[in-house]
**Student:** 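Pasting a structure here, questions to come.
Remember, it's a predicted structure, so these values are computed and weren't measured experimentally. Residue numbers start from 1 in every chain, and the chains themselves are labelled A, B, ... in the order their sequence lines are given, proteins ahead of strands.
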2 protein chains.
Amino acid sequence: MTELAEPKRARGRPKKTEGERDDGNRRQALISAAAQLFHLKGYDATSTREIAAQVGMQAGSPFYHFGNKQDLLLAVMVEGMKQAIERQRAACAAQGKDLSAREQLRTLIRNQFDVLLGPDSDFIPVMLYEWRSLNDAQRQTITRIKDDYEAAWTPVLQALHDTGQLQAPVGLARLMIFGALNWSVQWYEAPSTTSPSSPTRRATLDELTESALQLFLPDRAAAAAT
Amino acid sequence: MTELAEPKRARGRPKKTEGERDDGNRRQALISAAAQLFHLKGYDATSTREIAAQVGMQAGSPFYHFGNKQDLLLAVMVEGMKQAIERQRAACAAQGKDLSAREQLRTLIRNQFDVLLGPDSDFIPVMLYEWRSLNDAQRQTITRIKDDYEAAWTPVLQALHDTGQLQAPVGLARLMIFGALNWSVQWYEAPSTTSPSSPTRRATLDELTESALQLFLPDRAAAAAT
DNA sequence: CCTACCGATCGGTAGG
DNA sequence: CCTACCGATCGGTAGG
């Protein structure tokens with residue numbers, strides 16, 4: 001199952017074209033493999049040997065790139081957050097500034113589902129569910145980055161609160177909304193390779209976004225019609 | 001920190017009053033200790049030796065009560081769900097049948113916060129976050145019990161949907177609401193023993209309930225006033 | 001980055 | 001439920 005992910009190598013260690021440093025390349029491969037395995041089996045249940053094997057290394061080699069297993073976990077989370085922040089920035093920038101707060105929230109939610117469930121979505125779930133395995137210093141590092149990510153949500157929620165569209169306290173609302181979205185990692189079904197068209201097709205990320213928006217910001221007109 | 005939880009014992013093994021079988025007692029003690037440690041450190045990071053030590057047993061003794069570590073994990077989850085279902089049944093029964101769907105949802109949410117964050121709240125978080133460590137047969141067992149627990153929510157949400165108070169599809173709404181509530185395990189601060197009155201007092205479970213209700217079922221009158 | 005290796009820990013068992 | 005124990009695995013290291 002992992003053969004495709006392995007770099008091709010002609011027996012033994014990969015001969016690198018001389019003069020070219022691809023340290024970053026191998027390091028990245030370790031981070032990606034770790035993200036995949038940590039997501040699938042959990043941090044504690046994944047051995048550094050498995051990670052090494054997945055990228056075609058020997059048992060001790062990951063420790064040439066990372067001081068210890070915990071540092072590798074941190075690298076997975078940092079990498080994931082960097083991607084998430086960049087995607088969020090791009091998504092918000094792409095829609096201009098004069099949209100309604102409701103539309104801005106839609107964009108943020110849609111991006112969050114993408115980060116959680118879309119392609120290359122192993123990193124953030126690891127961050128969400130392996131927090132416990134970090135040490136204090138590492139937690140501080142991640143907290144700083146996460147605060148940066150979440151900062152984009154506060155003004156939008158505040159605006160909705162000011163207009164009465166969102167009645168719950170902004171701080172708690174943010175936590176509960178993140179909970180509702182993040183929890184999807186637990187139940188959203190990965191696209192199954194078996195059963196080409198399953199009887200109950202799973203919702204698309206757009207449908208999830210729409211439902212979340214309906215849940216948190218019900219449509220006034222539709223509600224009044226009752 | 002765990003001394004208080006340990007049964008008092010006068011050196012060595014506890015001398016049981018003769019004729020009295022307290023197998024259930026020791027078994028329960030193991031389940032409680034396991035719940036505590038699994039919640040605090042995670043399943044994989046908790047050794048059966050630690051659990052044994054916490055109840056004053058020797059390293060191999062837990063395996064007199066449980067075939068293996070996984071079975072102990074299952075027992076923690078089953079015990080937690082039994083308690084949760086019983087509490088939910090009692091909470092719903094205590095309020096009669098002719099309350100509005102909104103009030104019924106309030107009761108369900110309040111009970112869920114209690115199960116997640118109140119006293120003896122180690123069991124359900126373990127169930128929520130250690131699902132991965134179960135085998136297939138065990139997952140089926142828990143799924144059945146969990147379906148039973150969640151069944152109480154569906155008619156309430158359906159009623160709210162029928163009246164237009166809840167616009168999102170009932171199934172997705174249930175998943176997202178559970179997510180919003182369950183996620184609180186990650187951020188809700190345990191009562192700190194230090195700092196007698198912290199500057200930003202943490203919300204009470206009643207306040208959390210009210211905010212959640214505001215988030216999912218905003219008050220019509222308040223919204224219309226804007 | 002590989003080879004060869006080590007100390008520690010862990011789940012679990014036999015036999016009482 | 002304790003005593004005594006084992007096989008397996010794991011994170012990590014020295015030395016090249």
**Student:** Strictly below 4.0 Å, heavy-atom distances to any atom of DNA chain D: list the hits from residues 133-142 of chain A, or just say none.
**Tutor:** none
**Student:** For D:dT3, take OP1 and OP2 only and decide whether either is under 4.0 Å from a side-chain N or O of B:Gln58.
**Tutor:** yes
**Student:** Below 3.5 Å between N/O atoms, which protein atoms pair up with nucleotides 12-16 of chain C? Just atom names and distances, please.
**Tutor:**
| from | atom 1 | to | atom 2 | distance (Å) |
| --- | --- | --- | --- | --- |
| C:dG12 | OP2 | B:Lys69 | N | 2.7 |

**Student:** Give me each pair satisfying side chain to side chain donor-acceptor pair (under 3.5 Å) with a member in residues 172-185 of chain A, each pair once, sequence neighbours excluded.
**Tutor:** A:Gln112-A:Asn182, A:Glu150-A:Arg174
**Student:** Among residues at least two apart in sequence or on other chains, which ones pass side-chain hydrogen bond (donor to acceptor under 3.5 Å, both in side chains) with B:Arg139?
**Tutor:** none
**Student:** Specify the separation, in whole Å, of atom CG of B:Leu30 and atom C1' of C:dG11.
**Tutor:** 15 Å
**Student:** Which stems does DNA chain D form, counting runs of 3 or more consecutive Watson-Crick or G-U wobble pairs with both distances under 3.5 Å?
**Tutor:** C:1-16 with D:1-16
**Student:** For A:Glu210, give me all partners under side-chain hydrogen bond (donor to acceptor under 3.5 Å, both in side chains), at least two apart in sequence or on another chain.
**Tutor:**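 Once residues adjacent in sequence are excluded, the partners of A:Glu210 under the side-chain hydrogen bond (donor to acceptor under 3.5 Å, both in side chains) criterion are A:Arg106.
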**Student:** Sequence neighbours excluded and cut-off under 3.5 Å, please list the side-chain donor-acceptor pairs for residues 69-81 of chain B, or say none.
**Tutor:**
| from | atom 1 | to | atom 2 | distance (Å) |
| --- | --- | --- | --- | --- |
| B:Lys69 | NZ | B:Tyr43 | O | 2.9 |
| B:Lys69 | NZ | B:Thr46 | O | 2.7 |
| B:Gln70 | NE2 | B:Ser133 | O | 2.9 |
| B:Asp71 | OD1 | B:Gln138 | NE2 | 3.4 |
| B:Glu79 | OE2 | B:Gln83 | NE2 | 2.8 |

**Student:** Does B:Phe178 have any ring pair (Phe, Tyr, Trp, His ring centres under 6.0 Å) partners at least two apart in sequence or in another chain, and if so, which?
**Tutor:** B:Trp153
**Student:** List for me each residue that meets side-chain contact (heavy atoms from CB on, under 4.5 Å) alongside B:Ala33, sequence neighbours excluded, and say none if there are none.
**Tutor:** B:Ile51, B:Gln54, B:Val55
**Student:** In whole angstroms, how far is the C1' atom of C:dT9 from the CG atom of A:Asp44?
**Tutor:**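 Those two atoms, CG and C1', are 13 Å apart.
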**Student:** Expressed as a whole number of angstroms, how long is the span from A:Leu73:CG to D:dG11:C1'?
**Tutor:**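 After rounding, the reported distance stands at 14 Å.
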**Student:** Residues in side-chain contact (heavy atoms from CB on, under 4.5 Å) with A:Phe63, at least two apart?
**Tutor:**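 A:Phe63: side-chain contact (heavy atoms from CB on, under 4.5 Å) contacts with A:Thr48.
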**Student:** Would you please name every residue forming a side-chain hydrogen bond (donor to acceptor under 3.5 Å, both in side chains) with A:Glu130, sequence neighbours left out?
**Tutor:**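 For A:Glu130, the residues satisfying side-chain hydrogen bond (donor to acceptor under 3.5 Å, both in side chains) (neighbours in sequence not counted) are B:Arg132.
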**Student:** Applying side-chain contact (heavy atoms from CB on, under 4.5 Å), run through A:Leu175 and B:Tyr188 and close with a yes or a no.
**Tutor:** CA-CA 10 Å; A:Leu175 287 166; B:Tyr188 189 72; over 6 Å; no
**Student:** Excluding sequence neighbours, so at least two apart, what forms side-chain hydrogen bond (donor to acceptor under 3.5 Å, both in side chains) with A:Thr107?
**Tutor:** A:Gln95
